[in-house]
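In what follows, a structure is listed as structure tokens, so that the remarks can point back to it.
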Amino acid sequence: MTQGTLHALDARTTRPAEFGRDALIVCDNLVRIYRTEAVEVQALQGLDLLVDAGEMVAIVGASGSGKSTLLAVLSGQDEPTAGRVRVGRWDLAAMSRRDLVDYRRNTVGFVWQQAARNLVPYLSAWRNVEVPLALAGVGRRNRAARIGELLDLLGVPDVADRRPGELSGGEQQRVAIAVALANHPEVLFADEPTGELDSATTDEVFAALREVNRALGTTVVVVTHDDAVSGRVERTVAIRDGRTSTEVLRRPDEGSSTAEEYAVMDRAGRVQVPKEYREALALTHRVRLALEADHVAVRPDRG
Ligand code: ADP
Ligand code: MG
């Protein structure tokens, strides 16, 4: 066997094609290591992820798998330790402070799990949505039009005059989504926005996110620990140990929808074989690979 790297070649330039050139969001071997005095935590361990403009993607994974770290990096709140991360025209690993402020204010919107973190408690729903618009210098009339439009879209026009404490959990999160969308971001990030909600209210918030994605064309990346969510969005990406491991794609067809689960192959060709498969065939350490006409076989190494 020869040692070498195989690149996809761009036919016109014969230079290696850039990974994810046409995607809106590109994470390429993304690494984030937290260092404290004694310990080093590898929160992201070479994560690859592509998201196209206009997609809605759910990120699932156990607690501690790196979901929040990924969203913090993508939204410009945290810096990667290594790897490439791009959102639109922004290279997040090499941005000036001023560009970061611009990016956070105009390119991305963010919704947190804790409703209290998203909304100012002493302002009405209407005034909460007005805050980012006022900060961006939008004039009074345009502000009013935008606030009305967003509260309508999110199905909460009738709570405009109420403060967060007078809203249900689902209403609070829908107002929070309106706040995040005020300045027409290209991408909406939401980190477990339904973590404190019951399942009926969770459905309501996911319906609102889908509606935002459909009606405004905003790209939506939503983190959840709830596995049932893959039934609610078209594409679900699972993170395990700081890497993307599997994807479920759900293609709506007539009436019912079908879902197919895929394993994710990283750029070095690594694929994680699910634990059930490994256990069923006692696959450990060394396996046999065989190239067949239309698939690759993985067999236990039994002499
Ligand atoms: P998730 O959102 O999937 O629960 P996180 O991204 O919050 O996972 O955390 C991933 C790992 O990184 C965990 O082991 C967590 O303890 C660690 N971690 C997260 N933030 C920090 C931090 N600021 N300092 C040290 N370790 C952190
Ligand atoms: Mg988290």
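Quick caveat, the model's predicted, so the values are computed rather than measured. As the structure lists them, so they are numbered: ligands from 1, and atoms in each ligand from 1.
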Leu188 versus Leu209: any side-chain heavy-atom pair under 4.5 Å?
yes
So Glu186 and Thr219, do their side chains get closer than 4.5 Å, heavy atoms only?
no
Any ion pair linking Arg214 and Glu211 (charged N to carboxylate O, less than 4.0 Å)?
yes
If you look only at distance, which donor and acceptor atoms sit under 3.5 Å apart when one is on a side chain in residues 44-53 and the other is two or more places apart or in another chain?
unit_1	atom_1	unit_2	atom_2	d
Gln45	NE2	Gln42	O	3.4
Gln45	NE2	Asp241	O	3.3
Asp48	OD1	Asn29	N	2.6
Asp48	OD2	Arg267	N	3.3

Can you tell which of Val129, Val111, Leu216 makes a side-chain contact (heavy atoms from CB on, under 4.5 Å) with Leu181?
Leu216
Tell me if the OH atom of Tyr277 is crowded by more than 12 foreign heavy atoms within 6.0 Å.
no
Restricting to under 2.8 Å, identify the protein N, O or S atoms around the Mg ion (ligand 2) as residue plus atom.
Ser68 OG
Under the criterion salt bridge (Lys or Arg N to Asp or Glu O under 4.0 Å), I'd like the reasoning laid out for Arg146 against Glu149: C-alpha separation, chi angles, the key distance, then a yes or no.
CA-CA 5 Å; Arg146 182 71 180 153; Glu149 186 179 292; 2.5 Å; yes
Provide the full list of ring pair (Phe, Tyr, Trp, His ring centres under 6.0 Å) pairs with a residue in residues 111-162, sequence neighbours left out, each pair given once.
Phe110-Trp112
side-chain contact (heavy atoms from CB on, under 4.5 Å) assessment of Ser168 paired with Thr201
CA-CA 9 Å; Ser168 70; Thr201 317; 5.7 Å; no
Within the 4.0 Å heavy-atom sphere of ligand 1, strictly under, residues:
Tyr34, Val41, Ala43, Ala62, Ser63, Gly64, Ser65, Gly66, Lys67, Ser68, Thr69
